[in-house]
There are 2 protein chains.
Amino acid sequence: MDELDSAIVEHLQRDARQTNRELARKLGIAPSTCLERVRALRNRGVITGYHAAVDLRALNRPVQALLSVRVRPLGREVIEGFKRYAAGLPEVLSVFVVAGGEDFLVHVAVPDVDQLHSFLLDRFSERPEVVDHHSSVIHQHLSNPVTSPLGPIGTG
Amino acid sequence: MDELDSAIVEHLQRDARQTNRELARKLGIAPSTCLERVRALRNRGVITGYHAAVDLRALNRPVQALLSVRVRPLGREVIEGFKRYAAGLPEVLSVFVVAGGEDFLVHVAVPDVDQLHSFLLDRFSERPEVVDHHSSVIHQHLSNPVTSPLGPIGTG
DNA sequence: CAATCCACCGAATTGAATTCGACAGATCGT
DNA sequence: ACGATCTGTCGAATTCAATTCGGTGGATTG
């Protein structure tokens, strides 16, 4: 994980579909070298995958929310169970298992606010382990495409 | 946005780097047709980009948290200002502008808990518009790679 | 100092992306 | 109902990129 690896990762976070040749040109290295580096980053697990990002409005899911959930009793079974349950729901974009006032924060995207309401009632309120929840509608969501290493980078 | 477009989007969300030929084969269509569809999805703004996903531990940022922030006075200037400020910080993965008890939820990744503490003190507490904040450390984060359309899909 | 190793490179090969003319089904106007 | 047109699909041909691999040089090791 030297500076070159770091630069490769940043470029691929911005655009994972640029050609290997173009990436190599930007970095001032040979395409074969670049290919080898990218392959190594993937094999080492630094790069975990390549994903298309979509416009949720185009998918008929313009309304997003972050749902705080408290479950009881607190224990591995209940936490694991709810986590998998939530992650499997089609409305769910991601599930955060957190420490603090709440146990989960669930990021959802739905067609409209009515369906958000229905979702809460049908999917959360009915679950016996869910003792409390409240929702925060998301007005804007800014994602940072680039995630650089913080602090010293090991050289090998 | 018919079923074929939907299937293309789902496949590219899982793996944005599979070859066009492979994608076409999975869908049972000609590579040229597939290419045309993908290009159209991109031009229409359904697919907004292609991004490499990284292992935050490999980037020396194993500690994640969701930070709730309240700012005052509430107004466009203050909201926009803090939003851009937060989004520009290297520790920040994404910024949610929310309605409800809090004004922002900021997803951060840092090397250790000490740096989380420092981050809060140096980046948030010192800002005059920040009147309150609290942090939830993230134990696990499950992301759903696939985001399918909910409800009816328009045929055009 | 010689041997070894490793990352990098460039040429050659393999294989994919892209273009484009043709075709068929749907749509529209008369 | 019919012909004209439009649109999406296809396959062959071309262009370009991914991939392989043997060679080179700089760094490391004993």
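If you're wondering where the values come from, they're calculated on a predicted model, not measured in any experiment. Chain identifiers are assigned alphabetically (A, B, ...) following the order of the sequence lines, protein sequences preceding nucleic acid strands; residue numbering begins at 1 within each chain.
Applying the 4.0 Å criterion to OP1 and OP2 of D:dA18, one finds that A:Arg39 has every side-chain N and O outside that range.
Taking atom CG of A:Asp2 as the reference point, atom C1' of C:dC6 lies 13 Å away to the nearest angstrom. At whole-Å resolution of the value, CD in B:Glu36 and P in C:dT19 are 10 Å apart. For the pair A:Asn43 CG and D:dT19 C1', the interatomic distance rounds to 15 Å; values are reported in whole Å. Put simply, CZ on B:Arg44 is 14 Å from P on D:dT7, counting in whole angstrom units. One interatomic measurement links the two molecules: CG of B:Leu35 to P of D:dT9, which rounds to 13 Å at whole-angstrom precision. Distance A:Arg37 CZ to D:dA18 C1': 19 Å, rounded to the nearest Å.
Within the 4.5 Å cutoff, side-chain heavy atoms of B:Val97 are placed close to those of B:Phe104.
Between B:Arg37 and B:Ile8, the shortest heavy-atom contact is CB-CD1, 3.5 Å. Shown here for B:Arg44 and B:Met1, the closest heavy-atom pair between the two residues is NH1-N, 3.5 Å.
Although no hydrogens or angles enter the test, the distance criterion places no donor-acceptor pair under 3.5 Å between the side chain of A:Arg70 and the main chain of A:Asp132.
In the region residues 15-34 of chain A, proximity to DNA chain C at under 4.0 angstrom, judged on heavy atoms, holds for A:Ile29, A:Ala30, A:Ser32, A:Thr33.
A salt bridge links A:Asp103 to A:Arg72: at least one charged side-chain nitrogen sits closer than 4.0 Å to a carboxylate oxygen.
For A:Arg14, the CZ atom counts as loosely surrounded, since its 6.0 Å shell holds 12 or fewer non-hydrogen atoms of other residues, nucleotides or ligands. Within a 6.0 Å sphere centred on CZ of B:Arg84, heavy atoms belonging to other residues, nucleotides or ligands number 12 at most.
Overall bending of the helix from C:dC1-D:dG30 to C:dT30-D:dA1, expressed as the angle between end axes built from five pairs apiece, is 40° (10° steps).
In this structure, B:Arg127 is not positioned above the aromatic face of B:Phe82 in the sense of NZ or CZ being under 6.0 Å from the six-membered ring centre and within 45° of the axis.
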